[in-house]
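These notes are about the structure you will find just below.
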Amino acid sequence: MTRALILMYHQVTQPQSAQEHRFCTPPAEFVRQMDHLVEAYVPVTLDAMVAGLRGERPLPDRAVHVTFDDGFVGVLEHAAPALAARGIPATMYAVSDRLGRSNDWMTGRGFPARPLVTAAQLRELESMGFAIGSHTCSHARLTEVDRERLAQELTASRHTLENVMGQPVRHFAYPYGLHDDAVRRAVVDAGYDTACSTVSGFNRRGEDAFRLRRIDVFGTDRPWQFRQKLRFGRNESGRLFALQYYAGRVGARLGLA
């Protein structure tokens with residue numbers, strides 16, 4: 001059975017505070033993680049993965065795709081060169097009205113201000129193998145806005161990014177992972193082809209292309225935790241879980257479970 005993984009990162013840089021450590025993967029650790037991907041998995045584009053999940057083309061076993069939310073400059077500085085050197089495709093979900101500005105939706109909660117890529121830098125990412133997707137205009141909590149604001153966040157962000165990139169923007173990621181049936185329908189109506197959630201798990205044949213699952217890679221993940229997340233397709237990691245999982249499989253084979 002084909003099980004495809006999508007990884008979710010935010011920043012690839014050294015954390016400036018304990019609070020943001022979870023969202024900042026140190027560059028050296030990111031390189032180790034990408035080395036593991038090319039050794040043990042098959043990196044594919046998001047388009048190829050979705051086509052495989054729809055049964056439109058073969059999808060390799062252990063397919064994986066790398067995504068980044070928000071548009072932090074550290075992705076261009078640290079992640080993009082490592083990905084390009086290894087031939088790993090990726091997707092950046094940019095907040096269209098914050099290009100060249102900062103993560104103001106985070107600073108109000110005590111996070112350090114971090115620069116976001118400019119329009120020119122977004123095009124540079126595209127030249128290095130990135131697909132560009134939308135993450136709304138303002139990083140809005142889409143389940144908490146009215147219908148008019150919802151449509152504006154989705155359509156205006158896509159149009160802005162298409163003007164920047166000079167080509168269609170077809171992929172979307174829900175800020176904070178927040179979505180419901182109404183938000184999903186609005187994303188479809190706005191003209192996107194896919195949408196990524198923050199729900200963990202493997203993506204299997206027939207997966208809803210507007211509720212794609214992602215594994216959240218934390219800056220605090222140790223190498224064994226990163227590998228365990230990919231192996232089991234879940235955000236949580238722990239040595240006890242692995243023991244329980246394998247014990248359960250042995251029990252099932254012996255007819256004990």
Side-chain angles (χ1 to χ4, degrees), residues 1-13 25-72 74-94 117 122 124-133 135 165 167 169-173 193-205 207 209 212-219 221 223-235 237:
M1 178 183 295
T2 299
R3 302 189 303 177
L5 287 166
I6 302 176
L7 307 187
M8 175 175 62
Y9 291 86
H10 289 83
Q11 302 188 60
V12 179
T13 189
T25 299
E29 186 58 36
F30 182 79
V31 167
R32 284 192 286 270
Q33 292 172 356
M34 295 305 101
D35 283 340
H36 178 63
L37 284 193
V38 296
E39 291 170 0
Y41 292 84
V42 183
V44 299
T45 66
L46 186 56
D47 285 336
M49 179 176 290
V50 173
L53 295 174
R54 288 173 173 162
E56 298 170 356
R57 67 170 72 172
L59 185 64
D61 190 31
R62 301 173 74 85
V64 64
H65 185 67
V66 179
T67 68
F68 300 86
D69 285 5
D70 304 331
F72 289 100
V75 175
L76 174 63
E77 295 175 338
H78 303 297
L83 293 166
R86 291 159 180 79
I88 301 175
T91 298
M92 166 68 82
Y93 294 105
V117 294
L122 202 62
E124 185 176 354
L125 281 170
E126 192 271 339
S127 72
M128 299 177 73
F130 276 69
I132 305 302
H135 205 37
M165 303 306 300
Q167 59 183 312
V169 170
R170 299 179 294 103
H171 304 298
F172 182 79
D193 291 343
T194 73
C196 276
S197 73
T198 58
V199 177
S200 66
F202 294 106
N203 293 287
R204 295 178 169 85
R205 183 68 61 84
E207 197 79 38
L212 294 172
R213 299 170 180 271
R214 290 193 290 176
I215 303 301
D216 197 348
V217 182
F218 305 144
D221 285 340
W224 69 266
Q225 291 174 307
F226 174 77
R227 297 184 182 206
Q228 187 180 95
K229 285 183 172 186
L230 272 60
R231 184 178 304 119
F232 298 116
R234 51 182 281 149
N235 287 341
S237 60

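No experiment lies behind these values; they were computed from the predicted model shown.
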The criterion is side chain to side chain contact (heavy atoms under 4.5 Å, CB included); which residues satisfy it with [X], sequence neighbours excluded?
X	answer
Asp193	Arg170
Pro81	Met128
Glu77	Val73
Ala85	none

Determine the minimum heavy-atom distance between [X] and [Y], stating which atoms define it.
X	Y	answer
Ser197	Val199	OG-N, 3.1 Å
Ala80	Phe130	CB-CE1, 3.8 Å
Pro89	Pro43	CD-CB, 4.0 Å
Val75	Phe68	CG2-CD2, 3.7 Å
Gly201	Arg213	O-CB, 3.5 Å
Arg205	Gly52	NE-O, 3.0 Å

Could you measure the distance from the [atom1] atom of [X] to the [atom2] atom of [Y]? Nearest 0.5 Å is fine.
X	Y	atom1	atom2	result
Thr194	Ile6	OG1	CD1	7.5 Å
Leu83	His78	CG	NE2	13.0 Å
Lys229	Asp216	NZ	CG	6.0 Å
Arg62	Arg3	CZ	CZ	8.5 Å
Phe218	His10	CZ	NE2	9.5 Å
Arg214	Leu5	CZ	CG	13.0 Å

Any chance you could lay out the side chain to side chain contact (heavy atoms under 4.5 Å, CB included) test for Asp61 and Val42, step after step, and finish with the verdict?
CA-CA 7 Å; Asp61 190 31; Val42 183; over 6 Å; no

side-chain hydrogen bond (donor to acceptor under 3.5 Å, both in side chains) partners for [X], two or more places apart:
X	result
Thr25	none
Ser200	none
Glu126	Gln167

Of all residues at least two apart in sequence or in a different chain, which pass the ring-ring contact (aromatic ring centres under 6.0 Å, His included) check with [X]?
X	value
His65	none
Phe172	Tyr174, Tyr192
His135	His139

Return the set of residues passing salt bridge (Lys or Arg N to Asp or Glu O under 4.0 Å) with Asp70 (not counting sequence neighbours), or none when no residue passes.
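Partners of Asp70 under the salt bridge (Lys or Arg N to Asp or Glu O under 4.0 Å) test: none.
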
Apply the test side chain to side chain contact (heavy atoms under 4.5 Å, CB included) to residues Leu7 and Phe226: give CA-CA distance (whole Å), side-chain angles for both, the deciding distance (0.1 Å), then the verdict.
CA-CA 10 Å; Leu7 307 187; Phe226 174 77; 4.1 Å; yes

Using residues 28-38 as the side-chain source, report each donor-acceptor pair under 3.5 Å to any protein atom, sequence neighbours left out, with the distance given to one decimal.
unit_1: Glu29; atom_1: OE1; unit_2: Arg32; atom_2: NE; d: 3.0
unit_1: Glu29; atom_1: OE1; unit_2: Arg32; atom_2: NH2; d: 2.7
unit_1: Gln33; atom_1: OE1; unit_2: Tyr9; atom_2: OH; d: 2.7
unit_1: Asp35; atom_1: OD1; unit_2: Arg86; atom_2: NE; d: 2.6
unit_1: Asp35; atom_1: OD1; unit_2: Arg86; atom_2: NH2; d: 3.2

Is Arg234 reaching over with its side chain to a backbone N or O of Gln228, donor-acceptor style, under 3.5 angstrom?
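Absent.
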
Donor-acceptor check, side chain of Thr91 to backbone of Ile132, threshold 3.5 angstrom: yes or no?
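Looks like no, no N/O pair under 3.5 Å.
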
